[in-house]
Amino acid sequence: MKDYEKFKQLVLQGATLYMPQLSLDCVIFGFHEGQLKVLLLKMRNLQEWALPGGFIYRQEALEVAASRILKERTGLDNIFLQQFHIFSDPTRSDTSKAIHHFSFADLSIDSSHWLAQRFISVGFYALVDFTRVTPQADELTDTCQWYDLENIPPLMMDHRHILDKALETLRIQLNYQPIGMSLMPEQFTMPELQKLYETILGVTLDRRNFQRKILGYHILKRREVRRTGVAHKSPYLYSFDEKQYQQALQDGLHKW
């Protein structure tokens, strides 16, 4: 009942609460067991899945709205978040599906309703520690769960295009900014970090060159302990030097 009341408020009062014809779509990346993962939603009344997203309150900044939406879906604060593109194709909004999706119980909308209008969407991507996320559904969704990047189900509207654009942007970012601190656990091995880069880039990297370059950025600290219980020689554990990492985010890295 609580969810339905929130849903009803969205349908009936949204036109006065939110910026008209403007929305957010968030691509939330996580990394677990050697796989890059994306958080997706199963929308009520629709067969397709969707990226987490939402609307912007009239007195709310875009970045604040994106952080709010991400916390609602992951339970996390202070997430690495970056705006990456604006999606404005006039055909991206499907009026008929919007009418079906938002017509529920004793509510119904038509083509003149605010939810059935053309929406321009601002894309953000987020990098999160998979182990710290508690996926949350809401009044508009049946479930919220992780999917491997290689096993994405059919997505609604232009959400596959948004996901692909976010991944393209993330790959470009590897040329000039570090990305691992938001995706890796506190301590990790060099092969585990290399696997993250290989998974994002979709290529195999030379082990020696990778180690030489990543250590040359001076953003890692080697711990005096090794990973135990592995098949080969026990590798050293590393962690990110947070001060150096934040400096690299501001100043950039040498080209990968």
Side-chain angles (χ1 to χ4, degrees), residues 26-40 51 70 74 76 78-82 84 124-135 145-153 160 162-249 252-256:
C26 301
V27 182
I28 304 175
F29 291 111
F31 187 69
H32 185 61
E33 296 182 345
Q35 295 288 330
L36 191 64
K37 296 178 180 288
V38 179
L39 196 63
L40 297 177
L51 296 168
L70 287 168
T74 66
L76 301 181
N78 302 317
I79 292 176
F80 178 91
L81 181 67
Q82 185 163 312
F84 68 94
F124 286 83
Y125 73 83
L127 307 177
V128 301
D129 182 347
F130 177 93
T131 62
R132 297 179 58 224
V133 172
T134 304
Q145 66 186 65
W146 291 103
Y147 270 88
D148 292 346
L149 193 62
E150 301 301 320
N151 191 33
I152 301 296
R160 180 72 216 204
I162 296 173
L163 169 56
D164 291 342
K165 189 69 175 179
L167 183 60
E168 175 188 331
T169 306
L170 183 59
R171 287 171 172 165
I172 293 171
Q173 183 190 339
L174 287 178
N175 289 323
Y176 59 88
Q177 281 187 318
I179 57 99
M181 194 165 76
S182 300
L183 292 166
M184 299 295 289
E186 184 176 350
Q187 295 188 6
F188 49 86
T189 66
M190 192 65 69
E192 290 166 349
L193 183 61
Q194 181 174 335
K195 180 63 176 176
L196 169 64
Y197 275 70
E198 290 177 335
T199 302
I200 293 172
L201 293 170
V203 299
T204 299
L205 301 173
D206 179 80
R207 179 180 62 82
R208 291 182 180 178
N209 284 340
F210 176 84
Q211 182 166 321
R212 175 177 56 81
K213 289 184 178 182
I214 203 73
L215 291 177
Y217 296 145
H218 306 294
I219 59 174
L220 297 181
K221 294 179 180 178
R222 194 180 83 171
R223 302 297 178 180
E224 294 307 314
V225 292
R226 295 175 180 266
R227 172 81 76 211
T228 59
V230 295
H232 305 289
K233 181 180 177 180
S234 300
Y236 278 104
L237 289 169
Y238 290 82
S239 63
F240 285 104
D241 183 320
E242 186 167 354
K243 182 178 179 180
Q244 292 289 95
Y245 189 97
Q246 294 300 328
Q247 193 66 46
L249 281 176
L253 300 169
H254 300 296
K255 188 172 179 62
W256 181 258

- Query: Can Leu127 and Leu170 be said to form a side chain to side chain contact (heavy atoms under 4.5 Å, CB included), step by step?
  - Reply: CA-CA 10 Å; Leu127 307 177; Leu170 183 59; 4.1 Å; yes
- Message: Determine whether Leu51 and Phe124 satisfy the following criterion, side chain to side chain contact (heavy atoms under 4.5 Å, CB included), listing intermediate values before the conclusion.
- Response: CA-CA 11 Å; Leu51 296 168; Phe124 286 83; over 6 Å; no
- Item | Working for side chain to side chain contact (heavy atoms under 4.5 Å, CB included), residues Leu167 and Tyr125 | CA-CA 9 Å; Leu167 183 60; Tyr125 73 83; over 6 Å; no
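When each of Leu40, Leu39, Thr74 is checked for a side chain to side chain contact (heavy atoms under 4.5 Å, CB included) with Pro135, only Leu39 meets the rule. In summary, of the residues considered (Arg223, Arg222, Lys221), a side chain to side chain donor-acceptor pair (under 3.5 Å) with Ser239 occurs for Arg223 alone.
Between Leu76 and Leu70 the shortest side-chain heavy-atom distance does not fall below 4.5 Å. By the 4.5 Å heavy-atom criterion applied to side chains, Met181 and Ile219 are not counted as neighbours. Leu193 is not listed as a side-chain neighbour of Tyr238, based on a closest heavy-atom distance of 4.5 Å or more. Looking at heavy atoms from C-beta onward, Leu196 lies out of side-chain contact with Phe188 at the 4.5 angstrom threshold. Counting heavy atoms from C-beta on, the side chains of Pro178 and Leu249 come closer than 4.5 Å. Residues Ile179 and Ile200 form a side-chain contact, since some pair of their non-hydrogen atoms from C-beta on lies under 4.5 Å apart. At least one side-chain heavy atom of Ile214 sits under 4.5 Å from a side-chain heavy atom of Tyr197.
Gln211 CD to Asp206 CG: the interatomic distance, rounded to the nearest 0.5 Å, is 10.5 Å. Here NZ of Lys37 is found 10.0 Å from CZ of Phe31. Values are rounded to the nearest 0.5 Å. Atoms CD and CZ, from Glu198 and Phe210 in turn, are 8.0 Å apart once rounded to the nearest 0.5 Å. Remark: Met190 CE to Leu237 CG distance equals 11.0 Å, nearest 0.5 Å. Atoms CD and CG, from Gln194 and Leu205 in turn, are 5.5 Å apart once rounded to the nearest 0.5 Å. Atoms CG and CG, on Leu163 and Leu149 in that order, are 6.0 Å from each other to the nearest 0.5 Å.
The 12-atom threshold is exceeded at CD of Gln246, counting heavy atoms of other residues, nucleotides or ligands nearer than 6.0 Å. In Arg208, the CZ atom is not crowded: 12 or fewer heavy atoms of neighbouring residues, nucleotides or ligands sit closer than 6.0 Å.
The salt bridge (charged side-chain N to carboxylate O under 4.0 Å, His left out) contacts involving residues 168-186 comprise Lys165-Glu168, where partners must be two or more places apart or lie in separate chains.
The two residues Ala126 and Ile79 have their closest heavy-atom pair at CB-CG2, 3.6 Å. Nearest approach of Ser182 to Phe80, heavy atoms of both residues: OG-CB, 3.3 Å.
For the salt bridge (charged side-chain N to carboxylate O under 4.0 Å, His left out) test, residues two or more places apart in sequence or in another chain that qualify with Asp164 are Arg160. With sequence neighbours left out, Tyr245 forms a ring pair (Phe, Tyr, Trp, His ring centres under 6.0 Å) with Phe240. With sequence neighbours left out, the ring pair (Phe, Tyr, Trp, His ring centres under 6.0 Å) criterion links His218 to no other residue. Residues passing the side chain to side chain donor-acceptor pair (under 3.5 Å) test with Gln145, sequence neighbours excluded: none. Not counting sequence neighbours, the partners of Tyr147 by the ring pair (Phe, Tyr, Trp, His ring centres under 6.0 Å) test are Trp49.
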